[in-house]
*Asks:* 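Would you mind keeping the following structure in view while I ask a few things?
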Amino acid sequence: MALVAASIHVPSPGDVESALSQSCSAVEDGADIIEWRIDAWPGMDGAADAVAILVNDASVPSILTVRSVSEGGDFDGSADEIAQLLEVLGSTGTCPRYIDLEAPMWLESEPLRMAWKAMGEDTGLILSRHDMLGRPGDLLRAVAEMSSIEEAAVIKIAWRARSARDSIEAFDVLRTRAKPTIALCMGEAGLPTRVLAGREGAFLSFAAGTGGPTAPGQCSVRELVSRYRFRELDAETAVYCILGDPVSHSISPIVQNSGFADAGFNGVFMPLPVAPGWESFKATVGVLLADSGFRLRGLCITLPHKEHALRFVKEAGGTISEIAQRAGAVNTIIVDEEGGLSADNTDAPAIVETLGLDPPGSRIAVLGAGGAARAAVAGLVEAGARVDIFNRTPQRAQALVEAMDDHMCTLGDLDELTGYDVILNTTSVGMEGGPDPEGNPIECLGLPGWMLEEASVVYECVYAPRNTPLVEAARAVGTTVVTGDMMFLAQARRQFHAWTGLEPPFESWRQLID
Ligand code: NAP
């Protein structure tokens with residue numbers, strides 16, 4: 001069973017107390033072993049005594065690591081300085097369970113090898129290599145070389161992932177390992193190597209203690225153990241990812257993973273950044289699907305890839321729901337056991353379902369003409385509503401009207417603004433981290449404020465924050481408001497059902513995002 005290692009950075013021997021207290025929290029959260037990162041310690045006064053306290057007072061075994069600058073740490077001294085520290089530790093009988101030594105140093109420094117040997121058999125050697133820039137050119141040779149070193153109890157190879165494809169290569173390293181191995185990718189795109197490390201046969205997975213990550217892309221111990229259920233994942237676990245750029249802000253992983261856990265469903269859901277552009281989308285999804293061991297069973301697609309997802313499924317000969325065709329955008333892909341694809345758009349029915357009034361006979365002003373607008377308009381027109389589009393860039397609004405090709409969908413006219421039952425915002429105005437977080441789309445589009453008062457419902461698609469300037473303005477004049485989290489939950493419920501065949505725990509989802 002793979003271990004969960006909490007990596008804790010200890011700046012100096014004077015920080016031992018706070019490091020030990022961090023280790024207690026990490027163990028409570030589920031860590032099996034603590035990596036003490038003491039990069040700056042060799043040569044410092046009191047270093048050996050302080051290591052003894054860390055190793056002896058921690059409630060779980062320790063890994064001692066001095067990471068050099070060239071491999072992503074802070075140590076800029078020589079191998080001799082590390083050797084001297086190890087010599088003192090050996091002579092005082094301080095034996096961490098493992099010591100991590102970098103392979104280039106190990107190979108070059110006889111004193112380092114001698115000092116490690118003198119520590120005795122209770123301290124295992126983790127021989128490591130790190131590349132902070134990207135996949136090492138000599139990846140397979142480096143792994144074979146480290147594996148052939150008899151003294152190494154465990155080998156570790158880590159590099160910065162440039163895309164999700166790197167993770168699959170790390171899994172190949174694990175699947176063909178000659179001895180206990182850690183293979184992981186740093187950065188956001190490397191998350192699968194941390195979450196799925198156990199089921200892929202890794203010796204351990206590193207996670208961050210309460211003091212924060214010690215390497216890019218580390219999630220916390222609590223996230224690894226509780227959100228991603230690290231210890232429960234196995235060869236049968238179905239994998240789901242949300243693909244987008246950016247993607248780290250998404251609440252889908254929190255919601256879907258809690259749904260899987262609640263339903264006892266053997267699945268895991270991870271965020272994966274995919275750089276903009278058709279080529280990167282196609283390459284990433286292609287690689288994830290081609291690896292049968294990865295067991296990709298579904299994708300949630302967000303900006304800027306919803307149209308790429310439609311094209312991908314079409315080119316792969318998969319089936320596409322009518323509403324996704326009509327919207328020209330896919331936010332959900334289902335992968336069957338044989339690798340067959342089907343695609344849907346759950347945003348469209350989610351908006352119809354949560355609109356707050358019956359679409360037939362309703363007049364709706366849709367603000368925006370991007371991906372969310374396409375889904376909204378496709379769903380509302382299909383449900384019998386009359387929709388007018390208002391957008392900052394008129395050509396985009398025109399293109400949407402033409403794409404819908406339906407007399408119930410027309411361009412909004414600034415001279416005829418009365419009679420709207422619903423004002424539906426699909427622009428990203430008001431979104432945290434968006435183009436205009438403080439903005440109100442009504443004002444941005446030059447529409448009059450009284451439209452909010454006249455409408456029966458103001459529907460906001462933006463869900464972060466829940467109370468956008470538009471929501472506040474609508475509430476101030478007493479109009480009923482549907483907030484973006486209602487749409488989010490309704491579309492997420494449909495995704496959950498499409499992937500698992502089950503109903504999600506809707507009430508606990510509500511509380512989760514409250
Ligand atoms: P998108 O395709 O990028 O479209 C953005 C829209 O916002 C475009 O119409 C754009 O107008 C308009 N816009 C951006 N900045 C503006 C400004 N300063 N003034 C006026 N208009 C501006 O994005 P999307 O995928 O449709 O997503 C839009 C929003 O919906 C996001 O906040 C997203 O998080 C949210 N959303 C929520 C859910 C949910 O489940 N609640 C689901 C999907 C999307 P131009 O055409 O002129 O650029």
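Atoms within a ligand are numbered from 1 in the order they appear, just like the ligands themselves.
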*Asks:* Do Glu402 and Gln398 pair up side chain to side chain, a donor and an acceptor below 3.5 Å, judged on atom types alone?
*Replies:*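 Yes.
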*Asks:* Applying a heavy-atom distance cut-off of 4.0 Å, which protein residues contact ligand 1?
*Replies:*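 Ligand 1 is contacted, at a heavy-atom distance under 4.0 Å, by Leu303, Lys306, Asp347, Gly368, Ala369, Gly370, Gly371, Ala372, Asn391, Arg392, Thr393, Arg396, Thr426, Thr427, Ser428, Val429, Met431, Pro435, Cys444, Cys461, Val462, Tyr463, Gly484, Met487, Phe488, Gln491.
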*Asks:* Strictly by ring pair (Phe, Tyr, Trp, His ring centres under 6.0 Å), give each pair with a member in residues 184-239 just once, sequence neighbours left out.
*Replies:*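 Listed by first then second residue: Tyr98-Phe203.
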*Asks:* Using the salt bridge (Lys or Arg N to Asp or Glu O under 4.0 Å) criterion, which residues pair with Arg160? Sequence neighbours excluded.
*Replies:*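 Scan of Arg160 (salt bridge (Lys or Arg N to Asp or Glu O under 4.0 Å), adjacent residues dropped) gives none.
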*Asks:* Is there a donor-acceptor contact under 3.5 Å linking the side chains of Ser456 and Asp421?
*Replies:*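 The answer is no; no qualifying pair exists.
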*Asks:* Ring-plane angle category for Phe312 and Phe281, please: parallel below 30°, perpendicular beyond 60°, tilted otherwise.
*Replies:*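 The rings of Phe312 and Phe281 stand perpendicular, inter-plane angle above 60°.
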*Asks:* Could you list the donor-acceptor pairs under 3.5 angstrom formed between side-chain atoms of residues 474-484 and any protein atom two or more places apart in sequence or on another chain?
*Replies:*
| residue | atom | partner | partner atom | Å |
| --- | --- | --- | --- | --- |
| Arg475 | NH1 | Asn467 | OD1 | 2.9 |
| Thr479 | OG1 | Leu452 | O | 2.7 |
| Thr483 | OG1 | Asp485 | OD1 | 2.5 |

